[in-house]
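Counting convention: from 1, in listed order, for ligands and their atoms alike. A quick note: this is a predicted structure, and the numbers were derived from the prediction, not measured.
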Amino acid sequence: MFFYYLLKLKMISANLKKVKERIEKLKNEINYHRYLYHVLDKQEISDAALDSLKHELDELEKQYPEFITSDSPSQRVGGLSLDKFQKVRHSQPMLSLNDVFDEKEVSDWQARIKKLLALKDQLNYFAEIKMDGLAVSLIYKNGIFTQGATRGDGYVGENITQNLKTIEAIPLKLEIEKLSSEFKEKAKKEIEIRGEVFMSKKALAELNDIQKKNKEQLFANPRNAAAGSLRQLDSQITAQRKLDFYAYSLVTDLGQKTHQESHRLIKSLGFKESSHNQLCHNLDEVFIYYRKIIKLRSGLPYEIDGTVINVNDNRFFEKLGVVGKAPRGAIAYKFPGIEKITRIRDIIVQVGRTGKLTPIALLEPVKLSGVIISRATLHNQDEIARLGVKIGDTVIIKRAGDVIPDIVKVLTNLRVGKEKKFEIPKKCPFCGFEVKRKKQEVDYYCLNKKCFATQRRGLYHFVSKKAFDIEHLGPKIINQLINSCLIKDAADIFSLTQGDFESLERFAKKSAQNLIEAINQAKKISLARFIYALGIRHVGEETAQLLAQQVMVNLKPKITNLKIMEVLKIFQNFLLEDLQSISDIGPVVGQSIYNWFDDEKNIKFLEKFERAGVEFITFQQQAVSDKFKNKTFILTGALQSMTRDKAKEKIRQLGGKISSSISKETDFVVVGDEAGSKLEKAKRLNVKILNEQEFLKMIK
Ligand code: IVH
């Protein structure tokens with residue numbers, strides 16, 4: 001018993017040591033990036049990645065408060081102030097806001113503050129956009145702008161009055177006369193307004209163009225640009241920088257009762273007010289507001305990085321007070337970062353349909369733009385070398401569009417010395433066969449044509465939507481069939497019996513019957529789909545279509561029943577040059593097709609299909625016409641009367657071609673609902689645009 005406790009104690013203390021070490025490393029890393037960001041106006045990692053680092057530190061400090069030190073980045077308000085400008089002590093500290101990222105965190109915040117206020121009723125909130133810029137304080141005496149300062153460390157900032165005077169959005173004289181009499185007298189004495197200096201997207205792009213021309217460093221974001229421009233000792237430079245200002249708080253108590261009233265006063269005094277600010281009567285309205293702003297975001301002329309939710313009633317706001325560096329009565333409800341940090345647990349290798357080996361990083365799961373991510377692609381050995389990534393590393397991941405994110409950067413300063421190097425294995429992890437890098441390619445391939453993993457992927461592809469599309473037959477059942485040795489290749493699918501399926505786990509008679517029916521139906525297939533299903537390297541959907549058309553052209557008398565062996569003969573008669581000279585099929589693709597039909601194993605494979613009764617939809621059924629000969633179509637948006645695949649099939653049956661990108665060579669763009677940028681491009685290039693009705697008329 002004693003030894004058991006001793007062992008347990010040892011484990012706990014080892015764990016604590018690790019946590020402490022991690023906290024130290026995180027603190028150093030955050031401090032480093034903060035210094036770059038706040039003092040040098042430089043940036044090595046994105047705001048989102050830095051937020052993510054801070055979040056991990058906050059979480060660890062919450063769990064282990066004994067490790068919080070006064071020098072922790074979580075304990076301070078802003079950055080250091082520079083020596084260049086005169087120092088200014090703020091009347092009240094310039095605070096920051098705590099960040100939240102999802103509805104649950106907002107609800108938790110509401111629960112906390114309602115408890116503190118012992119409040120049962122609904123709280124009202126004033127919701128604002130959160131500008132991405134630099135916080136400043138403006139002091140007006142007798143209505144005249146007398147002093148402007150940066151936040152600095154929150155208590156002492158820099159006097160940048162001259163520079164702020166160059167910003168036209170900042171009034172040099174307030175319109176105190178416009179205030180109602182209850183506010184006027186107090187306002188005359190002294191008023192402090194705080195807000196954000198920012199730069200529009202356009203102004204930032206123009207500034208960066210100039211920086212580029214002058215071979216100077218570019219500004220990564222509006223915050224950097226605003227900071228860089230305000231910290232100019234020569235205010236003439238600031239004046240050229242097209243800065244803007246948005247006021248978000250009236251620090252002086254003029255008797256305003258709500259945050260909304262502060263905004264009204266700020267507006268009357270001569271500042272511009274955002275049309276996107278809104279009073280919300282409960283959290284549901286806050287959530288609707290947040291979603292609305294996300295949608296507006298890309299169309300706004302300036303960058304925002306979230307919303308700010310303020311308790312509207314100033315009495316409550318005051319009562320809630322400040323904790324650490326932030327007021328309790330407001331939060332920054334930020335947009336989900338597209339970058340996060342996480343750790344690599346392991347690196348595995350996936351073997352694709354073509355035998356290609358892809359290294360995949362298994363991650364500690366993190367939420368990235370609303371989705372839990374646990375894998376990231378490392379692409380290939382070159383990418384691993386470029387990143388210098390090791391197992392155990394802390395990395396920044398980013399979603400670029402695909403669900404599988406990329407690794408952007410390794411935070412090498414967070415290493416503990418136990419990270420392990422990774423290299424693509426010399427042998428296939430599935431079949432043990434030799435692995436080789438192809439000439440002039442970055443990828444490694446398993447050379448075993450029968451490789452278990454390769455085959456499995458090939459089979460998934462074979463039954464996929466755009467290939468054989470056999471109802472109910474997806475990867476799960478394919479796995480069961482392979483594991484029970486009922487199939488070895490795709491052709492075996494067509495010799496399966498009802499009894500074969502019934503022998504599998506979780507299969508009843510009815511489901512087995514359904515599958516057999518679906519398989520029988522799939523035995524008649526279009527030639528193009530069949531070619532695509534074969535999974536020949538480089539042969540995608542469009543190339544398969546081109547090849548099918550080429551076969552049709554080579555069928556002299558128009559036959560009605562097209563057998564697999566006849567098609568094979570046509571392919572075997574093609575010379576390499578014939579294939580390579582088909583328009584849109586280049587030398588590499590042509591060679592790949594040629595090699596495939598030249599391989600004895602593949603011929604045996606095709607014979608198996610013929611024996612199992614697979615054949616092509618007859619020539620008449622395919623009804624080739626040349627109505628759309630030499631015409632290229634693009635489809636964009638959703639059609640009402642048919643799926644896009646169906647529309648593509650119609651176009652092809654009439655001899656037309658489908659392309660995915662618009663060029664001058666495009667003849668028609670068929671436009672459905674919610675058509676995107678292609679429609680715009682079509683208009684620009686003067687390409688004929690067809691709506692659904694016009695298209696239907698043409699294909700009739
Ligand atoms: S209220 C206690 N409202 O975001 C600070 N801040 O992350 C009160 N910011 O320091 C700030 N837009 O520089 C507020 N509509 C807005 C804002 C805003 C941008 C900045 C501000 C603040 C930082 C907090």
Seminar exercise, completed: If we number the atoms of ligand 1 from 1 as shown, the ones under 4.0 Å from a heavy atom of Y246 are 15 (N)
Exercise. Would you say ligand 1 has an N or O under 3.5 Å from any N or O of A332?
Worked result: no
For this session: Check the surroundings of atom NZ in K319: do more than 12 heavy atoms from other residues, nucleotides or ligands lie under 6.0 Å from it?
Result: no
Exercise. Restricting to pairs with a member in residues 200-209, which pass salt bridge (charged side-chain N to carboxylate O under 4.0 Å, His left out), not counting sequence neighbours?
Worked result: K202-E206, E206-K242
Exercise. Counting only heavy atoms, which portion of L95 has something under 4.0 Å from ligand 1: side chain, backbone, both, or neither?
Worked result: both
Exercise. What do you reckon, does R151 put a non-hydrogen atom under 4.0 Å from ligand 1?
Worked result: yes
Exercise. Closer than 4.0 angstrom: is that true for some heavy atom of S96 and an atom of ligand 1?
Worked result: yes
Seminar exercise, completed: Here the gap from E364 atom CD to L362 atom CG, rounded to the nearest 0.5 Å, amounts to 11.0 Å
For this session: Would you mind running through ligand 1 and noting each atom that sits below 4.0 Å from a heavy atom of A135?
Result: 13 (O)
Problem set entry | Within 6.0 angstrom of Q92 CD, more than 12 heavy atoms from elsewhere | yes
Exercise. Which atoms of ligand 1 are found less than 4.0 Å from any heavy atom of V308?
Worked result: 3 (N), 14 (C), 15 (N), 16 (C), 17 (C)
For this session: Considering only non-hydrogen protein atoms, determine which one is nearest to atom 12 (N) of ligand 1 and report residue, atom name and distance to 0.1 Å.
Result: M131 N, 3.0 Å
Exercise. Is D99 in polar range of ligand 1, meaning some N or O pair under 3.5 Å apart?
Worked result: no
Exercise. Does P327 have a non-hydrogen atom less than 4.0 Å from ligand 1?
Worked result: yes
For this session: Could you verify whether a donor N or O on one side chain and an acceptor N or O on the other, from H263 and E128, lie under 3.5 Å apart?
Result: yes
Exercise. Would you say N310 and ligand 1 have an N/O pair spaced under 3.5 Å apart?
Worked result: no
Exercise. Under 3.5 Å, is there a donor-acceptor pair between the T252 and K189 side chains?
Worked result: no
For this session: Step through it carefully: locate the ring centre of W109, locate the ring centre of Y125, and say whether they are under 6.0 Å apart.
Result: yes
Exercise. Are any of the N or O atoms of I129 closer than 3.5 Å to those of ligand 1?
Worked result: yes
For this session: Ignoring hydrogens and angles, state whether a donor on the side chain of R315 or T258 is under 3.5 Å from an acceptor on the partner side chain.
Result: no
For this session: May I ask you to check whether T161 and Q147 show a side-chain donor-acceptor distance below 3.5 Å?
Result: no
Seminar exercise, completed: For atom 23 (C) of ligand 1, the closest protein heavy atom turns out to be K130 NZ, 3.9 Å
For this session: Below 4.0 angstrom from a heavy atom of E128, which ligand 1 atoms are there? Numbered from 1 as shown, please.
Result: 3 (N), 15 (N), 16 (C)
Exercise. Which protein non-hydrogen atom lies closest to atom 11 (C) of ligand 1, naming both residue and atom, and how far is it?
Worked result: Y248 CE1, 3.6 Å
Problem set entry | Pair S91-E192, side-chain donor/acceptor within less than 3.5 Å | yes
Problem set entry | Nearest neighbour in protein (non-hydrogen) for atom 13 (O) of ligand 1 | E196 OE1, 2.6 Å
